[in-house]
Each structure stands twice: as structure tokens, then as C-alpha cells.
Asks: 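This is the structure I have questions about; it appears just below.
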Amino acid sequence: MTATTEPPTAPPTEYVDLQDSSILRLRTHGPVEPFTTRQLGLLLLITLVAGFLRLHDLGTWSLWVDEAHTYRDATLPLRGENGFFAQYRIRYPSSFLMLRGLLDTGLLAGISEGWLRLPFALCGIVTVPLLALAGNLFVGRSAALLAAFMLALNPWHIYWSQNARGYVMVFFFAVLAGAALWVALVRRHRGWLVAGVLAVLAGGSFHPTCYLLLAPAAAYPLWLHVQTLQGRRFWMTTLGAVLVLAVVPLVVQHLPPFAEFLKAKPDASVVHFAQTVGFYFRVPLVATAAFGVWLLYSGHMQAQVRVLACWFLVPLLVMSVLSLSVVKATARYAFCALPAVLLLASATSLRLGEVLADGLGRRIRGKRWIPLAMLPAILCLDMAAYDYLYFRAHHGDRAQWREAGEHILRASAGKPVQVMVVPAPSLQYYLRPDHWRRPGVGAVDPHPERQVVEINKWDVFRDKEPKGSEFYGGRGFVRRAIASARDAGRELWFAATLPELHEADLDGSLYANMQDLLELSTVLPCWVGPKDESIWIWRVRDPARGTKVGAAERKTKPEVPPTVAGSGGGATSAGADGRSATPKPADTKPAAAKPAAAKPAAAKPAPAKPVPAKPAEKAGAGEKPKTTTAEPKSTVPKDAAAGGQKPGSPKPGTSAKPPAAKPPAGPATEEPARPSGKPKPNAAKPPATGSSTADGQRRTGGTGS
């Protein structure tokens with residue numbers, strides 16, 4: 001008689017495993033299972049890795065425009081018409097006041113890039129173990145440790161940790177708020193609910209995007225309520241939720257924290273938002289998290305998945321709606337959703353690993369860790385690969401503004417400079433340090449020899465100038481800048497990233513006239529995902545330098561620059577100092593100058609040509625004195641006529657000259673610059689050609705972006 005075995009008893013109510021898994025424990029409610037000593041040691045090692053990645057090269061990258069804004073707002077006078085309290089940033093002042101306090105008390109020893117970023121880097125390091133502790137409430141210890149490790153490697157979190165901007169603080173308070181709201185829901189405790197709301201408000205004081213967490217907090221109870229409804233009540237409630245979501249753009253437009261921002265980014269584009277989400281959130285990570293919403297919800301994690309799914313999807317959905325009609329949003333405005341993405345992806349990857357390990361356990365007995373580590377390894381390798389590009393080839397995902405300032409000062413050789421730039425704050429930080437720390441309008445300018453002027457569309461297209469006049473639009477703007485710099489005795493430079501330049505160039509006339517009246521000095525390449533952060537630097541064309549570029553070459557150069565087109569990695573096309581576009585203009589100009597230098601040499605033998613031996617063989621001897629006497633007279637207009645017409649009969653000496661006669665068709669205006677009487681018509685030539693080539697360049701300027 002065989003003994004009967006009773007079915008196994010159900011697990012305790014406070015812990016619910018996925019198919020009795022011994023590797024991943026997922027709870028619905030109950031006390032927190034503490035980390036073991038071994039797991040705490042592993043968490044310490046993960047934190048050290050996160051610290052190394054966030055402190056490495058902290059001061060190497062240039063300040064980009066938003067970081068320069070942070071420095072500006074942290075050093076502005078507090079009061080006054082242009083003081084900090086008069087700015088709209090007073091609605092989220094914590095980042096700026098924190099930096100101001102650290103600088104005033106001397107805790108930050110300087111205003112260099114590394115010192116300005118240090119507080120944010122420390123916050124990013126602390127967030128890694130915090131995510132593990134908070135994640136233990138949702139997905140258990142193993143998945144929480146994996147989420148912390150993925151956060152340590154996450155290139156987007158590394159970027160914001162090395163950034164003097166408040167987004168990493170938003171992430172920190174988002175983790176605190178998510179954990180507090182979850183405990184409030186499980187324990188039905190109002191104190192934790194208040195703590196969660198306070199955490200959201202604290203994060204919103206660093207940047208208003210943290211307020212998006214209030215949307216998933218409201219969506220979770222609505223989800224529970226809708227599931228209990230049937231028939232007409234279900235559809236009426238669903239329709240009401242859709243209408244509320246449709247009204248969100250109208251409400252946000254009138255909220256004070258967002259009003260000024262919406263004015264700055266009015267060009268709505270949901271495609272741009274989708275591109276940035278795929279790049280910064282990382283496509284494998286988002287796909288795994290989205291798949292986990294279905295996979296884990298079908299198990300025993302309904303409560304956790306509801307909360308994490310609302311935390312993950314609702315901010316993205318709200319920003320997508322705003323991107324359709326209100327504002328040009330990027331993925332960083334939904335940065336508060338990244339903790340939920342990491343927790344869902346870690347739990348999903350371990351669950352799929354368990355399924356693979358159970359299915360392949362018989363064949364690879366003793367090596368169960370291989371299928372368990374397969375999906376986590378794919379996710380971590382994807383992030384680690386971009387970490388390598390971030391530190392090696394992409395310049396910290398920032399435009400090289402420090403190198404741009406150094407190039408301008410080096411090429412100017414100590415002369416006073418006037419730099420027209422868009423955007424301006426970064427070059428103001430490098431060319432005019434302490435620019436915003438002056439106590440008032442009457443204070444002494446610390447850097448009078450360096451002027452930095454921002455290019456704005458309201459300055460380019462001034463209302464007081466009639467449309468169609470030579471002073472309206474890009475043509476008038478470039479000429480006014482050249483005239484003002486010349487009157488002040490300064491050397492004029494233009495520096496810009498093309499996306500920002502085209503935002504200020506409404507009809508393409510600015511870019512076209514820049515190409516016509518300026519010469520390209522260098523390009524500092526940098527591509528950041530879907531956005532081109534390469535810096536283009538121009539200076540006023542000077543015939544004395546011999547750097548003129550033909551009109552046909554100027555048409556093609558802005559559209560397909562060799563340095564930008566091949567700068568996906570940024571390392572292969574750049575030189576040692578990043579100025580990879582300089583050889584292009586330099587290679588073309590000497591080629592145009594060689595024929596001009598060879599012409600005087602060809603004109604010298606002209607008086608010695610009446611040698612009677614060679615012409616007598618081919619033509620009559622009577623014709624030769626006529627040609628020889630006419631040649632000395634034609635040497636003066638010969639250059640003006642571009643050498644294309646020669647009186648007299650063909651001679652062997654002149655049959656070898658057609659190759660030398662071809663170059664004047666392009667740079668014929670450079671040749672008369674050598675005689676003393678010719679510089680005036682040559683100096684007046686660019687404005688004449690500028691009006692003719694501007695129309696042709698306007699097409700390329702409009703489509704070159």
C-alpha cells in the first residue's frame with residue numbers, strides 16, 4: 001500500500017512567491033524582509049561602482065546651457081530689478097539657493113565645473129542604495145539589488161548626476177515619494193500619505209516635473225474603482241478620465257510653474273518626445289518594463305504592478321499629450337518615471353530567467369545561473385556600452401563650449417573680441433567669468449575686451465525694420481554686427497549649434513548671409529542621441545588672410561559638413577583638440593591661391609618673348625613684331641581680363657598657358673589684390689556677391705538643419 005502525499009500548504013499571506021521560486025520573492029503586503037549581510041556587502045559594492053562612475057571626469061565636460069543658467073541664477077544678486085527673486089525660477093529655487101549657500105559658506109572651494117556639479121553627484125550616489133531599500137517594498141531583495149545595479153550603470157542617471165541641474169534631485173525625491181505612497185496604500189496610514197505628498201513637493205522645488213508624480217497617485221485609485229464598475233458606469237467613468245486627460249494641456253498652460261517654460265518651447269512635437277524617450281530611457285529597458293506589466297500582473301503581483309505601471313506610464317502619457325499641441329518636450333521631463341522602469345525591468349528579467357532556468361535545468365544542471373543572468377546581462381551591457389561612449393567619445397553628452405572659447409581666444413591673438421552666439425550662457429561662463437556676480441549696473445566690467453551677445457529671433461527680425469529692406473532679417477543682422485564690431489575695434493565671431501541657430505532663423509536669411517559674409521573657422525563635433533550639439537564657429541572673411549571660399553563651395557559646405565556627418569562617435573573625425581573642420585577650408589584655399597601666385601611668374605618672360613627662332617617656324621616673321629609689341633601693353637589688362645583673350649597668333653609659348661587660365665574663373669577677384677590700386681574694388685566685392693548668393697543660399701539654409 002503506497003503512502004499518499006498531501007499537497008503542499010499555501011505560502012504565508014505576507015509573502016507570495018511566483019510559482020514557489022526560491023530566487024525571487026515578491027510580496028503583496030506584510031513586513032519588509034531585511035537584507036542579509038551578504039546582500040548588504042553586495043549593495044556596498046554597487047554603491048562604490050556608482051560613486052566611481054559619477055565622480056569620474058566630473059570637471060572634464062563643458063558646462064552646457066542649462067548648467068550655465070544654474071550658475072547664473074546661483075550668482076545673481078538676490079534683490080533688484082534683475083535679481084534672483086524677480087525671476088520666474090523663484091518657483092523652483094532649491095537648486096540655486098543650495099549652490100548659493102554652499103558657495104557663500106565656502107563649502108564649495110570654487111566655481112569650476114567639478115565644484116558646481118559635486119553636490120548633484122553626491123545625491124546621485126546616495127540614490128543608488130535608496131532605490132534598493134525602496135525597491136524591496138515592491139519586488140523583493142534580489143530584484144531590488146538588480147535595480148540598484150542597473151541604476152549604477154544607467155548612463156542617463158550618470159549624466160544628470162554629473163550635471164549642475166535639479167533633475168537628479170527629482171529622481172531622489174521620486175523614490176522617496178513612491179515608497180511612502182506605497183506604504184500608505186498598504187497600511188492605510190495617513191501619515192505616510194502626507195510624507196509622500198511632501199516628498200513630491202520637495203522634489204518640485206528642485207524642478208516642477210516632479211509634480212507629475214501626483215498624476216499616478218490619482219490614477220491608481222481610479223484604476224481600482226474602474227475595475228469594480230460594469231456596463232454604462234464603466235464606460236462613463238472611462239470617458240470622463242479621457243476628457244480629463246484632454247483638458248490637461250489647457251490647465252497646464254495657465255499654471256505658474258510651467259507658463260514661462262511653455263513660452264520658451266512653443267514648437268510641439270510628439271515625435272521628438274518619442275525619440276528622446278527611446279534614446280534616454282534605453283529601448284531594451286523600456287521594452288522589458290512594458291512586457292513586465294503584463295507578465296507580472298498575470299502572477300501574484302497585481303497590487304505592485306498597478307502602482308509601478310501608473311508610476312511608469314502615466315507621466316509618459318501626460319507628457320505625450322502635452323507634446324501633441326502645447327510644448328516641445330523631451331524625455332527628461334518624465335525623468336521621475338525612471339525608478340518604476342528600473343524596478344519593473346529588474347523583476348521581469350529575473351522572472352524570465354527563472355522560467356528559462358526551470359526549462360533548461362535538466363540539460364545544464366549545476367549552471368542554473370546562466371539563463372538567470374541572460375536578460376539582466378543584456379540590459380546591463382546595453383547601458384555599459386553607452387557609458388563607454390559617454391566618457392570616451394561623446395564629451396559627456398555636452399557641446400564643447402570650453403574648447404570653443406579657447407579656440408576664439410587663441411585665434412584672436414589677444415585682440416578684443418565680440419562673439420555673437422546662440423545659446424549664449426555657456427560662452428559667457430568661459431569668456432566672461434563672474435559675468436553675473438557684478439553687484440549692479442554701475443559696476444566695473446571685469447572683462448571689457450570680451451563681449452558675448454546672444455542671437456535672438458526678435459533681434460534678427462526687428463519690427464522697426466520694414467520687411468524686404470536690406471536691414472531686415474538675417475542680412476541686416478549680420479551687417480549690423482560687422483559694423484558694430486568694426487566701430488568698437490573688436491574682431492567679430494559667430495558661434496552656434498545649428499538646431500538653436502535655426503530656431504532664431506525664421507526664413508533662412510541669417511544662415512545664408514553668414515555663409516556669404518563669414519568664413520568657417522572650425523567645427524567641434526558632438527552628437528547626443530537625436531540632437532546635434534556640434535558647435536560651428538565663423539569669423540568675418542578677411543581677404544588679407546587669403547581664405548575666401550567660392551560660392552559653389554559655400555553652397556555645399558553647410559549642408560554636408562564632413563566633420564558633422566561622420567561624427568556619430570565623435571572620435572574618428574575630430575583632431576587632438578576637436579577642431580576637425582579646420583583642414584577643410586585650409587585645403588581648398590591654397591589650391592585657389594597657387595594659380596594667382598604663378599601668374600606674375602608667367603608675366604615676367606613676356607618682355608623676353610621676341611625670340612625669332614620659334615615663331616618663324618610656324619608663322620610669318622612679319623607677324624611676330626606686332627605680337628611682341630602688343631604683349632607688353634596687354635600685360636596690365638591681362639589679369640583683369642582673367643587671361644581668357646590674347647591678341648595675336650597662337651604660339652608654342654602660349655599653348656601651355658590654358659591650364660593656368662582656368663583658375664581665374666573662380667577666384668578671379670583675388671588676383672587684383674596685389675597691385676596697390678586694386679584693394680578698393682576687391683573690398684567692395686563681397687557685398688555685391690552677397691546679395692546675389694544670398695537668394696541661392698536661402699534654400700540651403702532653410703533645409704540644412
Asks: Closest heavy-atom contact between Val175 and Pro339?
Replies: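 Shortest heavy-atom contact: CG2-CG, 3.8 Å.
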
Asks: Would Ser521 and His407 count as having a side-chain donor-acceptor pair, cut-off 3.5 Å?
Replies: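 Note: Ser521 and His407 side chains meet the donor-acceptor criterion.
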
Asks: Between the main-chain N or O of Arg54 and the side-chain N or O of Gln162, is there a donor-acceptor pair closer than 3.5 Å?
Replies: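 Yes; at least one donor-acceptor contact below 3.5 Å.
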
Asks: Could you check Tyr386, Tyr159, Trp64 and say which one makes a side-chain hydrogen bond (donor to acceptor under 3.5 Å, both in side chains) with Asp397?
Replies: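 So the option named by the test is Tyr386.
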
Asks: Could you go through Arg89 and His69, starting from their C-alpha distance and side-chain angles, then the distance that decides it, and tell me whether this counts as side-chain hydrogen bond (donor to acceptor under 3.5 Å, both in side chains)?
Replies: CA-CA 10 Å; Arg89 273 89 60 187; His69 284 156; over 6 Å; no

Asks: When you compare the side chain of Ile535 with that of Trp401, does any pair of heavy atoms fall below 4.5 Å?
Replies: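 Contact flag for Trp401/Ile535 side chains = yes.
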
Asks: Looking at Gln400, is its backbone amide N or carbonyl O close enough to the side chain of Ser62 to form a donor-acceptor pair, meaning the two atoms are under 3.5 Å apart?
Replies: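 Flag not set: sc Ser62 to bb Gln400 has no pair under 3.5 Å.
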
Asks: Is the NZ or CZ atom of Arg282 positioned over Phe279's six-membered ring, under 6.0 angstrom from the centre and within 45° of the axis?
Replies: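 Relative to the ring axis of Phe279, which defines the angle, Arg282 lies inside both limits.
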
Asks: Quick check: does any side chain N or O of Ser509 sit under 3.5 Å from a backbone N or O of Gly474, one acting as donor and the other as acceptor?
Replies: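 Here the side-chain-to-backbone pair exists.
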
Asks: Whether the side chain of Asp505 engages the backbone of Gly508 through a donor-acceptor N/O pair (distance < 3.5 Å, no angle test) should be reported.
Replies: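 Yes, Asp505 side chain to Gly508 backbone: donor-acceptor pair under 3.5 Å.
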
Asks: Taking atom CG of Leu55 and atom CG of Leu118, what is their separation to the nearest 0.5 Å?
Replies: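 One gets 7.0 Å once the value is rounded to the nearest 0.5 Å.
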
Asks: Please report the closest heavy-atom contact between Gly124 and Ser161, naming both atoms and the distance.
Replies: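 Residues Gly124 and Ser161, closest heavy atoms: CA-OG, 3.5 Å.
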
Asks: Atom CG in Leu524, atom CH2 in Trp536: separation rounded to 0.5 Å?
Replies: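 Going from CG on Leu524 over to CH2 on Trp536, the span is 11.5 Å.
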
Asks: Just do the side-chain contact (heavy atoms from CB on, under 4.5 Å) check on Ile111 and Thr75 with the steps written out, would you?
Replies: CA-CA 10 Å; Ile111 59 171; Thr75 56; 5.6 Å; no

Asks: Suppose we call two aromatic rings close when their centres sit under 6.0 Å apart. Are Phe291 and Trp294 close by that rule?
Replies: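 Yes; Trp294 has its ring centre under 6.0 Å from that of Phe291.
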
Asks: Using modelled atom types and a 3.5 Å cut-off, is there a donor and acceptor pairing between side-chain atoms of Gln87 and backbone atoms of Gly83?
Replies: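 Looks like yes, one N/O pair under 3.5 Å.
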
Asks: Taking the side chain as every heavy atom from C-beta outward, state whether Cys123 and Val126 have any atom pair closer than 4.5 Å.
Replies: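 Cys123 vs Val126: side chains apart.
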
Asks: Go through the steps to decide whether Ser205 and Ser94 satisfy the test side-chain hydrogen bond (donor to acceptor under 3.5 Å, both in side chains), and finish with yes or no.
Replies: CA-CA 6 Å; Ser205 69; Ser94 296; 2.8 Å; yes

Asks: How many angstroms lie between atom CH2 of Trp538 and atom CH2 of Trp493, to the nearest 0.5 angstrom?
Replies: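 Reported to 0.5 Å precision, the distance equals 12.5 Å.
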
Asks: Donor-acceptor pair, distance only, cut-off 3.5 Å: does the side chain of Arg100 make one with the backbone of Phe96?
Replies: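 Absent.
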
Asks: Relative to Phe120, does Arg165 satisfy both conditions: NZ or CZ under 6.0 angstrom from the six-membered ring centre, and within 45 degrees of the ring's axis?
Replies: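 Not satisfied by the 6.0 Å and 45° rule.
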
Asks: Is any NZ, NE, NH1 or NH2 atom of the basic residue among Asp66 and Arg332 found under 4.0 Å from an Asp or Glu carboxylate oxygen of the other?
Replies: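 Salt bridge: yes.
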
Asks: Looking at Asp382 and Ile378, would you say the former's side chain and the latter's main chain have a donor-acceptor pair under 3.5 Å?
Replies: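 Not confirmed, Asp382 side chain does not pair with Ile378 backbone.
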
Asks: Test of understanding: with ring pair (Phe, Tyr, Trp, His ring centres under 6.0 Å), list the residues that count as partners of Phe391, not counting sequence neighbours.
Replies: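 With sequence neighbours excluded, Phe391 shows a ring pair (Phe, Tyr, Trp, His ring centres under 6.0 Å) to His56, given in chain and number order.
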
Asks: Applying the ring-ring contact (aromatic ring centres under 6.0 Å, His included) test to Phe335, which of Phe172, Phe281, Phe171 qualifies?
Replies: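 Answer to the ring-ring contact (aromatic ring centres under 6.0 Å, His included) test with Phe335 among Phe172, Phe281, Phe171: Phe171.
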
Asks: Testing Ile408, Val523, Leu518 for side-chain contact (heavy atoms from CB on, under 4.5 Å) with Ile537, which one passes?
Replies: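 Among Ile408, Val523, Leu518, the one meeting side-chain contact (heavy atoms from CB on, under 4.5 Å) with Ile537 is Ile408.
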
Asks: If you measure from CG on Asp57 to NE2 on His395, what distance do you get to the nearest 0.5 Å?
Replies: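 Going from CG on Asp57 over to NE2 on His395, the span is 12.5 Å.
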
Asks: With distance as the sole test, does Asn154 use its side chain to make a donor-acceptor pair with the main-chain N or O of His157 at under 3.5 Å?
Replies: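 Yes.
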
Asks: Does Leu498 reach the side chain of Ser534, with side-chain heavy atoms less than 4.5 Å apart?
Replies: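 A side-chain contact under 4.5 Å is absent here.
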
Asks: Evaluate side-chain contact (heavy atoms from CB on, under 4.5 Å) for Thr209 paired with Cys336, printing each intermediate quantity in order.
Replies: CA-CA 7 Å; Thr209 54; Cys336 61; 5.8 Å; no

Asks: What residues, two or more places apart in sequence or in another chain, satisfy ring pair (Phe, Tyr, Trp, His ring centres under 6.0 Å) together with Phe173?
Replies: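 Result, ring pair (Phe, Tyr, Trp, His ring centres under 6.0 Å) vs Phe173: Phe206.
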
Asks: Under a 4.5 Å cut-off applied to non-hydrogen side-chain atoms, are Met514 and Leu501 in contact?
Replies: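 Answer yes - side chains close enough.
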
Asks: So, for Trp61 and Tyr390, is the gap between ring centers shorter than 6.0 Å?
Replies: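 Yes - the distance between ring centres of Trp61 and Tyr390 falls below the 6.0 Å cut-off.
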
Asks: Find the distance between OG1 (Thr330) and CE (Met319) and round it off to the nearest 0.5 Å.
Replies: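 Reported value, rounded in 0.5 Å steps: 7.5 Å.
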
Asks: Using side-chain contact (heavy atoms from CB on, under 4.5 Å), reason through Thr497 and Asp532 one step at a time and then give a plain yes or no.
Replies: CA-CA 7 Å; Thr497 57; Asp532 180 11; over 6 Å; no

Asks: So, for Ser346 and Leu343, which heavy atoms are closest and what is the spacing to 0.1 Å?
Replies: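 Taking Ser346 first and Leu343 second, the nearest heavy atoms are OG-O, 2.9 Å.
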
Asks: For Tyr388, I'd like to know if atom OH has over 12 heavy atoms of other residues, nucleotides or ligands within 6.0 Å.
Replies: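 Result for OH/Tyr388: open.
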
Asks: Search all heavy atoms of Val528 against all heavy atoms of Glu533 and return the closest pair with its distance.
Replies: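 Scanning both residues, the minimum pair turns out to be CG2-CG, 3.6 Å.
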
Asks: Begin with the C-alpha distance, continue with both residues' side-chain angles, and end with the deciding distance and a verdict on side-chain contact (heavy atoms from CB on, under 4.5 Å) for Thr288 and Leu379.
Replies: CA-CA 9 Å; Thr288 305; Leu379 298 177; 3.6 Å; yes

Asks: List in chain and number order the residues that pass salt bridge (Lys or Arg N to Asp or Glu O under 4.0 Å) with Glu67, two or more places apart in sequence or in another chain; answer none if no residue qualifies.
Replies: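 Scan of Glu67 (salt bridge (Lys or Arg N to Asp or Glu O under 4.0 Å), adjacent residues dropped) gives Arg117, Arg398.
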
Asks: State, to 0.1 Å, how close Ala289 and Val341 come at their nearest heavy-atom pair, and which atoms those are.
Replies: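 The pair with the smallest heavy-atom distance is CB-O, 3.7 Å.
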
Asks: Take Tyr167 and His207 through the test side-chain hydrogen bond (donor to acceptor under 3.5 Å, both in side chains) and record every step on the way to the result.
Replies: CA-CA 7 Å; Tyr167 291 99; His207 199 273; 3.0 Å; yes

Asks: How long is the straight-line distance from OH of Tyr220 back to CG of Leu308, given to the nearest 0.5 Å?
Replies: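 Leu308 atom CG to Tyr220 atom OH measures 10.5 Å (nearest 0.5 Å).
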
Asks: So, for Trp311 and Leu213, which heavy atoms are closest and what is the spacing to 0.1 Å?
Replies: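 Residues Trp311 and Leu213, closest heavy atoms: NE1-CD2, 3.4 Å.
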
